[in-house]
Amino acid sequence: MMTKNNRIVVGNWKMYLTYNQAQEWLDNHFNDLVALASETDNEIALCPSFDALPSFCKGFADSRIAVGAQDCSRNASGAYTGETSARSIMELGCTYSIVGHSERRTYNRETSEIVAQKAHMAFYADITPIVCIGETHEERDAGNTQKVLESQLTPVISMLNVNDITKPFCIAYEPVWAIGSGRTATIEQLNETFGIIASALKNTPSSSSIRLLYGGSVNGTSAPELAKTSMLSGFLVGKASTDFQELKKIVLSI
Ligand code: PGA
């Protein structure tokens, strides 16, 4: 697993902003964001919705800010109405793609097998996948956190092994109960969960280049404490990342 150096903050903008609002955000904060990136060794990546990707990729092309998509197709190309391939995302200039976010697992019925296929497509297109996993409140209460995380990881692990993938990527641990709830995981919970993830992935070809992120109600107030987690390589931030001042606090706190 990667160390504390060179952490990353990824903003998952979900469907919070319309096309015009995202362009306005870019106009208002472009210079400040570029200045912020120059103040830190940490990496910043923004994942706006698909419609905003071309202007964000163009705008940040010569900067240290990376751009990512919130999803990609599990197929390379063909008759898949409404889908966008990882290859297209790469051609636009994206560096990352989130795959398997719990909202997609819930609302779009994405299984862990589908998520592994998406991650595979991302690798194949030279996009770094950010694979999201996490248990629900009920699963944690029933003592099933480890079982759930391992079963979400199993298809990803076989995909890495079968294809001998050595490229770096991110696993974002996002407990469903922490997303958008104002409740975050504790450092103890993160240490325990990151341990589970690290040991599940330890025999994969890419094990030395995996970054472990946490997501779920990260904001300028919760970030400094969460950042003390030793195995943490960064945050996947939803709502708070659309507020520049919050984003700045998070980036400067890790
Ligand atoms: P949140 O979302 O920061 O708004 O809780 C995180 C996520 O869903 O990636």
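These values consider heavy atoms only, across backbone and side chains, with no hydrogens, waters or symmetry-generated copies. Each ligand, and each atom within it, is numbered from 1 in the order the structure gives. Numbering of residues begins at 1 and proceeds along the displayed sequence.
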Query raised in the report: Cluster partners of Y19, using ILVMFWY side-chain heavy atoms under 4.5 angstrom, listed by chain and number?
Result: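 Members alongside Y19: none; it stands by itself.
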Check: [X] N/O within less than 3.5 Å of ligand 1 N/O:
| X | answer |
| --- | --- |
| S217 | yes |
| G238 | yes |
| E174 | yes |
| G180 | yes |

Assess, by modelled atom type and distance only, whether the side chains of [X] and [Y] contain a donor and an acceptor separated by less than 3.5 Å.
| X | Y | value |
| --- | --- | --- |
| Q23 | S55 | yes |
| E135 | W177 | yes |
| N161 | S158 | no |

Report task. For this output row, return yes or no: ring centroids of W13 and F56 closer than 6.0 angstrom. Result ->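 Aromatic pair counts; centres sit under 6.0 Å.
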Query raised in the report: Do the two ring centres, one from Y214 and one from F194, sit under 6.0 Å apart?
Result: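 Here the rings of F194 and Y214 have centres that are no less than 6.0 Å from each other.
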Query raised in the report: Taking atom 8 (O) of ligand 1 as the point of reference, which of E246, Q70, H101, R183 owns the nearest heavy atom?
Result: H101
Report summary line: What one should report as the nearest heavy-atom pair of V176 and G134 is CG2-O, 4.0 Å
Query raised in the report: So which heavy atom in the protein is nearest atom 4 (O) of ligand 1, and how far is it from that ligand atom?
Result: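 Going atom by atom, the protein heavy atom closest to atom 4 (O) of ligand 1 ends up being K239 N, 3.0 Å.
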Query raised in the report: Looking at atom 2 (O) of ligand 1, what's its closest protein heavy atom, distance included?
Result: K14 NZ, 3.3 Å
Query raised in the report: Can you tell me if G216 has a non-hydrogen atom under 4.0 Å from ligand 1?
Result: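 Right, G216 reaches ligand 1.
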**Report entry** N12, portion touching ligand 1 at heavy-atom distance under 4.0 Å
**Finding:**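 For N12, only side-chain atoms sit under 4.0 Å from ligand 1.
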